[in-house]
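Sequence lines set the chain letters: A, B, ... in the order given, protein chains first and strands last, and positions in each chain run from 1. Fair warning: this is a prediction, and the values are worked out from it, not measured in the lab.
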Amino acid sequence: MKQSKRSIQPISCEEALSRVFDFIDDHLRGKARIELEHHLETCRHCFDRVEFERLLKSRLRKLNVNVHSQKVRKRVETLLDQF
Amino acid sequence: MLAEKTEKATMIPVPLAALSRTGKLKQSEFEAEALPHMDVLYNFALRTTGNEDDARDLLQETYLKAYRFWDKYEKGTNIRAWLFRIMKNSYINRYRKETREPDTVDYADVENFYDSIRAESTDTNDLQEKLFGGLLGDEVTSALKSLPEDFRTVVILCDIEGLTYEEIAEFIDRPIGTVRSRLHRGRKLLQGRLFEYAKQRGLIPHD
């Protein structure tokens, strides 16, 4: 279902900000997403905010590197063998 | 019905060779399905317990329980969510005695965090560079650790581990709306802490 830009209802900054987290987590769908994307095209403040939240999220994602689970993997595999 | 069947089945004497074949099948199935999620679970255990020894113990306990109850796992459902659930229960059983951090956060303050940091800097890009580029991994980690547990959990699961809202809801045993609101608050709290670190480090000006 394609919506032409003319039929998109403008939303307030307050409304836009309430959707930011769903948006960056890729949980915003359909009309709600189209409205927000449209708002972001025209509102610098909200656009910056989204960028900021995205940045924080990707910064956190970087903490998830190089976990040292090899040792415990071996341990569990050994235990399973003994079951 | 199913339980009855299984029970009966276990009562029938099975030749040893056949038994070990079933065991082998179970093990290879388990290894193929459950072991690939070990890193994600270990990472979470590490962040939840705060040290490697406890994290390894918790992970080991989780996998042994999962193996023992493997026939209870419904094939085709979300295995990661199932494993997380087992880990959560193990964690609660193990650490239940410990008191929870009191929730003394003033949310009204937090709500305005983004606006206040904007006010500190004329250039948003510059501020973001300072705030995220300048902070060390250790500082981000300890900011995360300082969050009340309920909020820390959802932020870790969502932002670090990449679980979906649905998986997180299953893990914390609350509706998706709760996941959303905790994420919302958790992220804002985290930003507040990061902002404090950035100030201490002189990355952004003091008041």
Side-chain angles (χ1 to χ4, degrees), chain A residues 11-33 35-36 39-83, chain B residues 23 26-28 30-31 34-35 38-47 52 55-60 62-64 66-68 114-115 117-118 124-125 127-129 131-133 135 137 140-141 143-144 155-156 158-162 164-166 176 179-181 183-184 187-188 190-191 194:
Chain A
I11 55 171
S12 66
C13 288
E14 202 187 354
E15 181 55 42
L17 291 180
S18 75
R19 298 181 196 180
V20 165
F21 287 136
D22 275 0
F23 183 64
I24 63 163
D25 293 336
D26 204 21
H27 275 272
L28 198 64
R29 302 266 179 271
K31 191 164 151 270
R33 188 182 180 99
E35 286 169 355
L36 177 63
H39 181 87
L40 295 180
E41 283 170 18
T42 52
C43 177
R44 180 62 200 251
H45 175 78
C46 291
F47 180 82
D48 280 351
R49 174 62 182 269
V50 169
E51 284 308 296
F52 178 83
E53 298 297 346
R54 267 198 222 281
L55 213 64
L56 177 61
K57 195 177 161 82
S58 65
R59 183 70 183 77
L60 287 173
R61 184 54 62 92
K62 280 188 201 149
L63 295 176
N64 188 9
V65 285
N66 211 6
V67 290
H68 311 284
S69 67
Q70 283 311 314
K71 264 190 218 165
V72 78
R73 183 186 292 260
K74 280 228 164 61
R75 227 159 83 182
V76 168
E77 279 172 2
T78 313
L79 282 165
L80 291 183
D81 280 335
Q82 293 165 359
F83 245 85
Chain B
K26 177 184 171 184
Q27 185 176 337
S28 62
F30 181 78
E31 283 179 356
L35 293 193
M38 203 174 250
D39 285 345
V40 175
L41 285 151
Y42 178 72
N43 208 353
F44 182 73
L46 192 58
R47 292 189 192 289
E52 290 188 9
R56 284 192 191 127
D57 286 349
L58 186 58
L59 187 66
Q60 179 175 316
T62 303
Y63 269 87
L64 292 183
Y67 189 63
R68 198 175 308 139
Y114 181 76
D115 291 325
I117 63 164
R118 273 184 68 89
T124 322
N125 289 332
L127 176 72
Q128 291 179 352
E129 177 56 33
L131 193 52
F132 296 122
L135 288 172
V140 181
T141 302
L144 198 58
V155 172
I156 291 174
C158 182
D159 290 340
I160 303 184
E161 309 297 353
T164 65
Y165 287 3
E166 288 78 10
I176 287 184
V179 173
R180 254 196 197 96
S181 70
L183 254 183
H184 202 83
R187 282 170 174 163
K188 285 185 170 173
L190 182 68
Q191 290 171 12
L194 290 176

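A:F21 places none of its side-chain heavy atoms less than 4.5 Å from the side chain of B:R180.
Contact of B:L144 with chain A is made through the side chain alone, with heavy-atom distances under 4.5 Å. Neither the backbone nor the side chain of B:L41 comes within contact range of chain A, judged by heavy atoms closer than 4.5 Å. Neither the backbone nor the side chain of A:D26 comes within contact range of chain B; no heavy atoms are under 4.5 Å apart.
A:F23 CZ: more than 12 foreign heavy atoms inside a 6.0 Å radius.
Atom CG of B:L183 sits about 6.0 Å away from atom CG of A:D25, to the nearest 0.5 Å.
Just one of A:L56, A:L60, A:I24 meets the side-chain contact (heavy atoms from CB on, under 4.5 Å) condition when paired with B:D159; it is A:L60.
In terms of heavy-atom proximity, A:R61 sits nearest to B:C158 at NH2-O, 3.5 Å.
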